[in-house]
Amino acid sequence: MANDSLKKEIRVRFAPSPTGDLHVGNIRTALFDWAYARHTGGKFIFRIEDTDRERVTDQYIAAAIDTLRWLGLEWDEGPEVGGPYGPYLQSQRLDIYAKWAQTFLDNGDAYRCYCSTEELEARRESQRAANLAPGYDGKCRNLSAAEIAKYEGEGRKPVTRMRMPDGETQFNDAIRGDLVFEHKFVPDFVLARADGSPLYTLAVAVDDVLMKVTHILRGEDLLSSTPRQIRVYQAMGVAPEDYPIFAHLPFVMGQDNTKLSKRNGEVSIAWYRDAGFLPEAICNYLALLGWSPGDDRENVTMQELTELFTVERVNSSPARFDMKKLEAINGDKIRALTIDDFLLRALPFVTNAGIISGTDSEKAVIKSVLPIIQERIAKLSEVPQMVKFLFGESVEIEGESKEKISDEVSKDVLRRSLAALEPLKIWNHGSIDAALRAVLIEEMGLKPRIAFGAVRIAVTGSHISPPLFESMELLGKERAITRIKNAI
RNA sequence: GGCCCCGUCGUCUAGUGGCCUAGGACUCUGGCUUCUCAAGCCAGCUACGCGGGUUCGAAUCCCGUCGGGGCUACCA
């Protein structure tokens, strides 16, 4: 691989089929593709595999573009940015595939197959029954002119099918080593439907060649389709030394050791965005699924990832997705944010929660409380509940907390706190602390957690809040006093 | 069923024949700190799937076995 980088530019592509929102597995692949391209100083190509227009929608394509951008995985060639080997939507390259399919037909590498879906299915069924490997049996491989005329006369429309020669395909996978597939287990496969529309096997191989892709880092599920892809390279006349290097990435699995799905954790990246995860946290965590820097470090920036990422360090075994660890990393990333950056990222969550409308003064209030909540949250979605008490005159005390301050001791605490706080000339966390401590701890002899707990609930509405004295300072004397009175 | 891939703490991983009485991180448990919740600090629990080889020596190499996963489409 080192030699390649000397003689030609590294070109890596991420080519999803947007049949739904991009999910964790897709993004891990995209991240590795991107990181490898950046690491080698090569190009990162983004291609949309939308040959199956019945399942791919424009909405999903737009979402995929949006998700990649949000994560910071900028592409050098692809949708919206163009490039010298475009277009980068396969649905716009149909004529190219048709031309190659015809070439394969002309050269005898492919042939027309008149078998209907039903006939194929029936034969596969009997193959299974006879304990044979199901797959195309080669019925139409060598049709005579008479047979063709007969089928045409019946009105059958032929698909274009690739001829797999006898023998085997060998290739070196950068992650798994040397691999051999015997062709007797790789049946002739369909390149294009009767209407001429291409299938994945045709489009992917043609585009990788035409777009001069040098490295294919993709999911392990495509491993067994690699011989078919290589067969297309051969038919296109590509020299073996010019084949792309394959690296099949291990799966990202759900909790129960099956493929990720709604059931065992949310898969759509859009969901993580809404849940308050930072893109750099998602990338950092995903980078650790199937790859590691080699030393003990786990907190890596995008910059470090591009510097350290090599396929040699990619694991070959599948990884389980762990939400807990993602949250831990997300918390670390939040704590690493500057207050201005934190504010920028948190604002949408506070606004969407209906806590503020977005005025400058409201933003200033949010910004003032951010420093004391930064280390207490793991996700941006937790910001609203933490800052809520700073808005509005009164506060609603939640059920469980309400009971905690309805007893006589609490009432007494609140009454005495009120008396100690009202005369205060200087209102800051230091003076509040001193005043409350004097009357509640020293005079009453209460345990701090009992004493301050009651005040906390009265002032913030909850027994869980940012530090009390700082919260009261930010709230302001007037509202703090009012809330204590209301709670008595 | 066939073909293929994979197998170190609960999870992610380090480990490429001796540095391993297996290291780190997340989780969990206990403690410290403490105005709640967090954060932080300390401690603890827990792993080389199994069986054979090769070797002076194996988590590391080989074989078998078991287990998990993928593919087996006119999806990608």
Side-chain angles (χ1 to χ4, degrees), chain A residues 15-19 49-52 54-56 113 115-117 120-121 124 127-136 157 159-161 173 175-176 179-182 184-187 189-195 197 199-201 203-204 218-227 248 250-251 253 255 257-259 285 288-299 315-329 331-332 335 373-378 382 386 401 433 436-437 440-441 447-453 455-457 460 462-469 471:
Chain A
S17 178
T19 54
E49 309 237 327
D50 58 345
T51 53
D52 186 356
E54 289 188 2
R55 300 204 302 144
V56 176
C113 171
C115 300
S116 70
T117 310
L120 254 19
E121 186 47 45
R124 268 197 291 268
Q127 282 169 326
R128 280 193 205 98
N131 241 334
L132 294 168
Y136 190 68
K157 300 291 183 212
V159 299
T160 304
R161 195 179 282 277
D173 185 282
I175 294 172
R176 288 151 213 283
L179 262 20
V180 182
F181 288 85
E182 291 182 65
K184 61 181 172 183
F185 301 118
V186 185
F189 56 98
V190 178
L191 293 166
R193 301 185 179 87
D195 66 3
S197 62
L199 262 51
Y200 169 77
T201 5
V204 70
R218 51 160 30 165
E220 183 191 335
D221 49 334
L222 270 350
L223 186 56
S224 50
S225 85
T226 306
H248 288 93
F251 284 116
M253 322 276 267
Q255 311 286 315
N257 211 7
T258 60
K259 259 179 142 176
Y285 174 64
L288 266 19
L289 252 33
W291 175 83
S292 79
D295 50 28
D296 282 339
R297 100 177 89 177
E298 297 216 316
N299 191 321
N315 249 31
S316 54
S317 52
R320 231 83 88 229
F321 184 84
D322 181 7
M323 185 72 82
K324 283 278 183 14
K325 185 149 183 175
L326 205 211
E327 287 182 357
I329 289 177
D332 287 342
R335 268 163 246 129
I373 69 167
Q374 190 165 24
E375 69 181 24
R376 342 188 92 77
I377 62 169
E382 294 166 44
M386 293 292 261
S401 299
D433 186 344
L436 254 24
R437 213 171 277 277
L440 302 179
I441 310 303
K447 286 207 177 297
R449 58 180 301 139
I450 304 292
F452 299 135
V455 180
R456 178 189 312 284
I457 292 170
T460 70
S462 169
H463 63 282
I464 298 173
S465 82
L468 181 61
F469 312 127
S471 296

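Chain letters run A, B, ... following the sequence lines, proteins first, then strands; residues in each count from 1.
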Peer 1: Using a heavy-atom cut-off of 4.0 Å across all strands, would you classify A:Asp295 as base, sugar-phosphate, or nothing?
Peer 2: nothing
Peer 1: Measuring from the side chain of A:Glu298 (C-beta onward, heavy atoms only), which nucleotide among B:C12, B:C6, B:A14 has the closest atom?
Peer 2: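 Of the candidates, B:C12 comes closest.
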Peer 1: Would you indicate what A:Arg124 reaches in the nucleic acid, counting non-hydrogen atoms under 4.0 angstrom: base, sugar-phosphate, or nothing?
Peer 2: sugar-phosphate
Peer 1: Measure from the side-chain heavy atoms of A:Ser317 and tell me the nearest of B:G7, B:A76, B:C74.
Peer 2: B:G7
Peer 1: Write down the distance separating the C1' atoms in B:C45 and B:C28, rounded off to the nearest Å.
Peer 2: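 Per the computed distance, 8 Å lies between those C1' atoms.
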Peer 1: Does any N or O donor sit under 3.5 Å from an N or O acceptor when you compare the side chain of A:Arg376 with the base of B:C37?
Peer 2: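 Flag set: donor-acceptor pair detected.
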Peer 1: What is the pairing partner of B:C3, taking Watson-Crick or G-U wobble pairs with both distances under 3.5 Å in any strand?
Peer 2: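 Looking at the geometry, B:C3 pairs with B:G70.
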Peer 1: If you measure from the C1' atom in B:U46 to the same atom in B:A22, how many Å do you get, rounded?
Peer 2: 13 Å
Peer 1: What is the pairing partner of B:G44, taking Watson-Crick or G-U wobble pairs with both distances under 3.5 Å in any strand?
Peer 2: B:C28
Peer 1: If we take the P atom in both B:G52 and B:U13, what is their distance in whole Å?
Peer 2: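 About 30 Å, rounded to a whole number of Å.
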Peer 1: Applying a 4.0 Å non-hydrogen cut-off, can you work out what A:Leu179 is touching in the nucleic acid: base, sugar-phosphate, or nothing?
Peer 2: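 Sugar-phosphate only.
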Peer 1: Rounded to whole Å, please give me the gap between NZ in A:Lys184 and P in B:U72.
Peer 2: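 A:Lys184 atom NZ is separated from B:U72 atom P by 20 Å.
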Peer 1: Rounded to the nearest 0.5 Å, what's the gap from CZ on A:Arg335 to CD1 on A:Ile377? Could you check?
Peer 2: 8.5 Å
Peer 1: If you compare every side-chain N and O of A:Arg456 against the phosphate oxygens of B:U36 (OP1, OP2), does one of them come in below 4.0 Å?
Peer 2: no
Peer 1: Give me the distance, rounded to whole Å, that separates B:C9 from B:G51 when you measure between the P atoms they each carry.
Peer 2: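 Those two atoms are separated by 16 Å.
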Peer 1: When the C1' atoms of B:U54 and B:A43 are considered, how many whole Å apart are they?
Peer 2: 42 Å
